[in-house]
Amino acid sequence: MKRTDYCGTLTKKDAGRIVVLTGWVHRRRDHGAIIFIDLRDREGIVQVVFDCSDTAKVGAPHAAPSQFQDQSHALRSEYVIEVCGKIAERPAGTENQEIQTGEIELRATDLTILNRALTPPFSIDEEVEAAESLRLQYRYLDLRRPSVQEKFILRHRLSRSVRRFMDENGFLEIETPFLTKSTPEGARDFLVPSRQNPGTFYALPQSPQLFKQILMVSGFDRYYQIVRCFRDEDLRADRQPEFTQLDIEFSFLESTDILALMETMLSDLFRELKKIDLLPPFPRLTYQEAMSRFGTDKPDLRFGLELKDIADLAAHSPFKVFLDVIAKGGHIKGINAVGLAKSSRSEIDALVQEATTRGAKGLAWLKVTEQGVESPIAKFFTHAILNQIRERFSAAPGDLLLFVADSEKVVYEVLGGLRLLLGQRLGLIEKGQFKPLWVIDFPLLEYDDAEKRYVAIHHPFTAPRDEDIPLLDTEPLRVRSKAYDFVLNGSEVGGGSIRIHQSGLQSQIFELLGIQKEEADLKFGFLLQALQFGAPPHGGIAFGLDRLAAIITCSESIRDVIAFPKTQKGICLMTQAPAQVDSKQLKELHIRSAYPS
RNA sequence: GGGACCGUAGUUCAGCUGGUUAGAACGCCGGCCUGUCACGCCGGAAGUCGCGAGUUCGAAUCUCGUCGGUCCCGCCA
């Protein structure tokens with residue numbers, strides 16, 4: 001016998017058919033002479049009825065009635081079974097509206113137990129109740145849960161749609177090596193010792209960055225790949241040591257072209273997968289604007305609470321804290337915590353605490369009430385100025401204004417963080433909402449105080465904007481790049497840039513980054529050389545597919561859309577990787593562990 | 001490297017101002033039950049209170065350390 005149908009696909013139309021189903025025992029309801037089993041497979045659940053008196057009449061082909069009864073009685077959760085029987089409409093009044101197949105049931109005439117199962121450590125149920133560590137240890141059981149499978153099915157459809165879109169737009173899927181070379185800059189590499197070349201190491205790619213640029217030099221014109229990337233850094237809810245990128249590179253296009261093409265792809269995806277219209281063009285914010293309005297380069301546009309500058313108003317007060325900051329060229333900005341004027345002193349203290357842990361020296365507050373304002377700093381301001389402050393925040397009675405005066409960096413960090421916190425706390429984030437945007441015109445470089453040198457904000461192959469190239473020699477920090485980030489619901493989901501395709505400019509950037517010519521030649525001489533052999537103007541983008549899948553499936557963590565994720569310590573709770581290896585293996589690799597064992 | 005939270009039957013949790021034999025629900029095991037669908041009813045088993053040390057006459061409860069999990073900062077071009 002062979003399976004004829006998936007459980008979840010059966011409907012009234014199948015009534016009368018003799019079918020063979022296979023699956024897992026989801027739940028059993030044993031009434032003695034009649035036993036109900038909910039049988040589950042990937043497509044859903046169907047009720048199977050073992051009516052033992054009925055079987056006695058019909059006569060089971062392979063099992064004597066008593067054996068049939070014994071067998072069905074012995075069924076337990078998660079047993080794997082094969083049942084044969086006739087699909088029938090349920091008796092009037094016993095239909096179950098809750099499930100897809102609730103109008104019919106399988107009247108079993110034959111049962112084979114394909115495998116028994118231990119009692120699972122947690123129930124294979126819709127509601128998440130087991131601790132995540134237990135779910136990860138028994139990931140195969142967790143992955144049986146319909147709500148979990150749904151996420152992976154959606155992720156599959158996401159990849160499939162992406163592949164179709166890329167294909168339709170002339171992109172070629174080309175694989176690049178996993179065993180490659182460690183390059184300076186960027187994240188810590190995972191290293192792989194070479195057995196054949198003692199003392200040398202491959203590195204797992206942080207991204208196929210250099211290879212995809214080389215493929216452009218090769219003339220493939222449009223490349224893409226859904227590819228695993230590896231970064232040996234600490235984990236977060238949205239960061240795993242291995243993750244999947246949709247990696248894209250193209251020749252002879254400007255950034256506006258790729259942004260438009262990607263908008264089409266993304267809006268197609270959301271229409272297909274979520275039946276949601278994300279209409280292009282998406283908002284485009286310059287880095288400067290994103291920072292000054294939201295205090296971050298990845299703003300969550302699902303709610304307002306924008307930052308407002310009050311330095312001009314603060315300048316009219318004798319409040320020394322504000323005046324000092326202004327004198328030092330710092331910023332004074334605020335945010336309207338809508339409706340929080342009713343906050344108690346301790347609730348406000350908690351906000352102050354939040355601000356100071358983010359680096360602020362203090363947090364000034366001002367309650368707007370029916371009577372006027374209430375604030376420790378109100379005495380420093382005239383009525384007229386207070387009114388202007390209220391107007392600037394469109395503050396109504398009942399609102400609480402919060403101010404930070406500090407360096408630009410601190411002000412953005414603190415208020416950007418508070419804005420997110422308040423957005424969540426005030427319930428301003430509506431579920432099922434998707435707010436995409438592009439952030440453009442990133443600075444090319446920033447200064448690393450610790451290393452005392454410039455570092456690339458995006459990566460060292462990012463092209464500066466043409467009109468800013470002269471500033472490379474005079475004011476490098478003012479140079480803007482041709483980089484762009486795709487941000488969705490406050491999460492950095494994609495990023496890319498137009499690359500440098502002239503070796504001269506590339507060398508100049510390396511020099512600025514403090515990478516010596518010898519080092520550059522050693523580490524990525526192959527790229528510099530390739531750029532001299534007719535490299536076309538090119539650029540690209542990469543999307544974090546796990547992050548995109550997590551957002552689309554409304555998941556808290558990318559672990560929910562990765563079949564076998566690792567814990568925050570980088571451990572796989574199912575396999576217990578990483579683990580010690582045989583000393584013989586180490587010897588072959590010319591490796592000795594410095595870790596005391 | 002740092003901060004915060006969590007760890008008690010198989011599971012989810014209660015118990016925590018120190019004091020009889022550590023409880024509940026679900027699950028599990030046995031029995032009864034012909035229309036249930038989170039079936040119901042009766043009965044039963046089930047615990048190194050993460051681990052170690054300390055304080056105490058006495059620790060699940062207090063203290064310190066440690067292990068594990070989660071969130072965050074640093075880190076992640």
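Keep in mind that what you see is a predicted model, and the values were worked out from it rather than measured. Letters go in sequence order (proteins before strands), and every chain restarts at 1.
- For the P atoms, the distance linking B:rC16 with B:rU63 amounts to 15 Å, nearest Å.
- Stacking between A:His31 and the base of B:rC39 is present: ring centres sit under 5.5 Å apart and the planes differ by under 30 degrees.
- Along RNA chain B, the nucleotide nearest A:Ser77 and the nucleotide nearest A:Pro460 are compared for position; the residue whose nucleotide lies closer to the 5' end is A:Ser77.
- Map A:Lys566 and A:Arg76 each onto its nearest nucleotide of RNA chain B; the residue landing nearer the 5' end is A:Arg76.
- Ion pair A:Arg499/A:Glu249 flagged as a salt bridge, since at least one NZ, NE, NH1 or NH2 atom sits closer than 4.0 Å to an Asp/Glu carboxylate oxygen.
- With hydrogens and angles left out, the side chain of A:Arg239 and the base of B:rC76 share a donor-acceptor pair within 3.5 Å.
- Within 4.0 Å of A:Ser207, counting heavy atoms only, lies at least one base atom of the nucleic acid.
- Taking atom P in both B:rA25 and B:rA45, one finds a spacing of 15 Å when rounded to whole Å.
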>> Checking A:Phe68 against A:Asp110 for the side-chain contact (heavy atoms from CB on, under 4.5 Å) test, could you report, in this order, the C-alpha distance in whole Å, the side-chain angles of both residues, the deciding distance, and whether it holds?
In response: CA-CA 7 Å; A:Phe68 180 74; A:Asp110 196 13; 5.5 Å; no
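- Considering only side-chain N and O atoms, A:Arg29 lies nowhere under 4.0 angstrom from the phosphate OP1 or OP2 of B:rU36.
- An OP1 or OP2 oxygen of B:rC37 is reached within less than 4.0 angstrom by no side-chain nitrogen or oxygen of A:Arg28.
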>> I'd like to know whether A:Gln245 forms a side chain to side chain donor-acceptor pair (under 3.5 Å) with A:Ser207, so could you lay out the CA-CA distance, the side-chain angles of the two residues, the decisive distance to 0.1 Å, and finally the verdict.
In response: CA-CA 8 Å; A:Gln245 250 179 217; A:Ser207 85; 4.7 Å; no
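- In this model, the phosphate group of B:rC76 is not approached by any side-chain N or O of A:Gln206 to a distance below 4.0 Å at OP1 or OP2.
- The shortest distance between the side-chain N/O atoms of A:Arg236 and the OP1/OP2 oxygens of B:rC73 is below 4.0 Å.
- Atom CD in A:Glu132 sits about 15 Å away from atom C1' in B:rG7, given to the nearest Å.
- Both thresholds, 5.5 Å between centres and 30° between ring planes, are not jointly met by A:Phe122 relative to the base of B:rU11, so the two rings are not stacked.
- B:rU61 sits 32 Å from B:rG1 when the C1' atoms are compared, rounded to a whole Å.
- At the heavy-atom level, A:Asp232 lies nowhere under 4.0 Å from the strands shown.
- Here the nucleotide nearest the side chain of A:Gln47, chosen from B:rG27, B:rG35, B:rC76, is B:rG35.
- Rounded to whole Å, the separation between the P atoms of B:rU20 and B:rG52 comes to 23 Å.
- Under the Watson-Crick or G-U wobble criterion, with both distances below 3.5 Å, B:rC5 is paired with B:rG69.
- Between the P atoms of B:rU8 and B:rC49, the separation comes to 11 Å (whole Å).
- The base of B:rG35 lies close enough to the side chain of A:Glu105 for a donor and an acceptor atom to sit less than 3.5 Å apart.
- If you check B:rC76 for Watson-Crick or wobble pairing at under 3.5 angstrom, you find it has no partner at all.
- Contact check, A:Ser123 against B:rG27: no side-chain N or O comes under 4.0 Å of OP1 or OP2.
- Within 4.0 Å of A:Glu492, counting heavy atoms only, lies no atom of the nucleic acid at all.
- Salt bridge A:Lys298/A:Glu492: absent, no basic N to carboxylate O contact under 4.0 Å.
- Side-chain nitrogen and oxygen atoms of A:Arg559 include at least one within less than 4.0 Å of the OP1 or OP2 phosphate oxygen of B:rC71.
- Residue contacts shown for A:Ile35 are absent, as no nucleic acid heavy atom lies under 4.0 Å away.
- For the atom pair CD of A:Gln209 and OG1 of A:Thr180, the computed distance is 12.0 Å after rounding to the nearest 0.5 Å.
- Looking at A:Arg559 and A:Glu132, a side-chain N of the basic residue comes within less than 4.0 Å of a carboxylate O on the acidic one, giving a salt bridge.
- Relative ring orientation between A:Phe442 and A:Tyr287 is described as tilted, the plane-to-plane angle lying within the 30° to 60° band.
- B:rC33 is unpaired under the Watson-Crick or G-U wobble criterion, no partner having all donor-acceptor distances under 3.5 Å.
- Using the Watson-Crick or G-U wobble rule with both distances under 3.5 Å, B:rU20 pairs with nothing in any strand shown.
- In this structure B:rA60 sits in no base pair that meets the Watson-Crick or G-U test at under 3.5 Å.
- In this entry B:rC26 has B:rG10 as its Watson-Crick or G-U wobble partner, both defining distances falling under 3.5 Å.
- Note: CD (A:Gln69) to C1' (B:rU34) measures 11 Å, nearest angstrom.
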